[in-house]
Amino acid sequence: DGGITQSPKYLFRKEGQNVTLSCEQNLNHDAMYWYRQDPGQGLRLIYYSQIVNDFQKGDIAEGYSVSREKKESFPLTVTSAQKNPTAFYLCASSAQGQVNTEAFFGQGTRLTVV
Amino acid sequence: EDQVTQSPEALRLQEGESSSLNCSYTVSGLRGLFWYRQDPGKGPEFLFTLYSAGEEKEKERLKATLTKKESFLHITAPKPEDSATYLCAVQARNNNDMRFGAGTRLTVKP
């Protein structure tokens, strides 16, 4: 089954800790994205990557870091510098090109600071 | 700056009562406009892509249309299982990032 997998589904972080959220896709997509969603709000872009070993900051990149060492994987690290990390995190991937560029999403990771 | 505004924020319908959701956008050269459905606690599920003004797409009770400034998602004779948040997003020609609106939360009462 082709798809995009996020893990874990729920994650708890203590103050001052870094945590890494996993995102894997087997759709052979070049582009991958990380979004943050807060209650009652739309999706805000954290980082995106169009190709291996390259990524760009989105609107709210401060306090986050990413890597893209493999086409299939785009992990997100929430660092201790992120002041309010409690949120629902969504990873997505899409094909490049002029058509069929819709993004497909994972089922999300809910991060809570305890 | 690319912007997406969805209205209304919330919509309550009776089963069978047709209505429309609006997505207004400004983008420097539209590559595509996307509609998604999101259930609580889940990732968004892709519904439609529209590429040019005048284009329409249909799927069951849903129909999406596009003009140069906005898109509508028409829901005909909705059922309770259509209750969800509907998200609109745009993608510009000059980059690959997708900009989302805040969504419309639809509730269909039996």
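In what follows, every chain begins at residue 1, and chains take the letters A, B, ... in the order their sequences are listed. As the structure is a prediction and not an experimental result, all values here were calculated from the model.
In this structure, chain B has a heavy atom under 4.5 Å from the side chain of A:Arg110, while its backbone stays farther away. Of the two parts of A:Leu43, the backbone and the side chain both hold a non-hydrogen atom closer than 4.5 Å to a non-hydrogen atom of chain B. Interface residue A:Gln107: backbone and side-chain heavy atoms are both found under 4.5 Å from chain B. A:Gln37 touches chain B through its side chain: at least one heavy atom from C-beta onward sits under 4.5 Å away, while N, CA, C and O do not. Residue contact with chain A, scored on non-hydrogen atoms closer than 4.5 Å, is absent for B:Phe48.
Between chain A and the options B:Ala102, B:Pro44, B:Ala89, the largest number of non-hydrogen pairs under 4.5 Å is found for B:Pro44. In terms of non-hydrogen atom pairs under 4.5 Å with chain A, the most contact-rich of B:Gln6, B:Arg99, B:Glu45 is B:Arg99.
The existence of a salt bridge linking B:Glu56 and B:Lys63 is confirmed by a sub-4.0 Å separation between a basic side-chain nitrogen and an acidic carboxylate oxygen. Remark: A:Asp54 does not engage A:Arg68 in a salt bridge, criterion side-chain N to carboxylate O under 4.0 Å.
Defined by atom type and a distance below 3.5 Å, a donor-acceptor pair is present between the side-chain atoms of A:Tyr89 and A:Tyr64. Side-chain N/O atoms of A:Glu24 and A:Thr5 include no donor and acceptor closer than 3.5 Å.
Under a cut-off of 6.0 angstrom, the local environment of NZ in B:Lys42 is sparse, with at most 12 non-hydrogen atoms contributed by other residues, nucleotides or ligands.
Between A:Phe74 and A:Tyr48, a ring centre-to-centre spacing not shorter than 6.0 Å is recorded.
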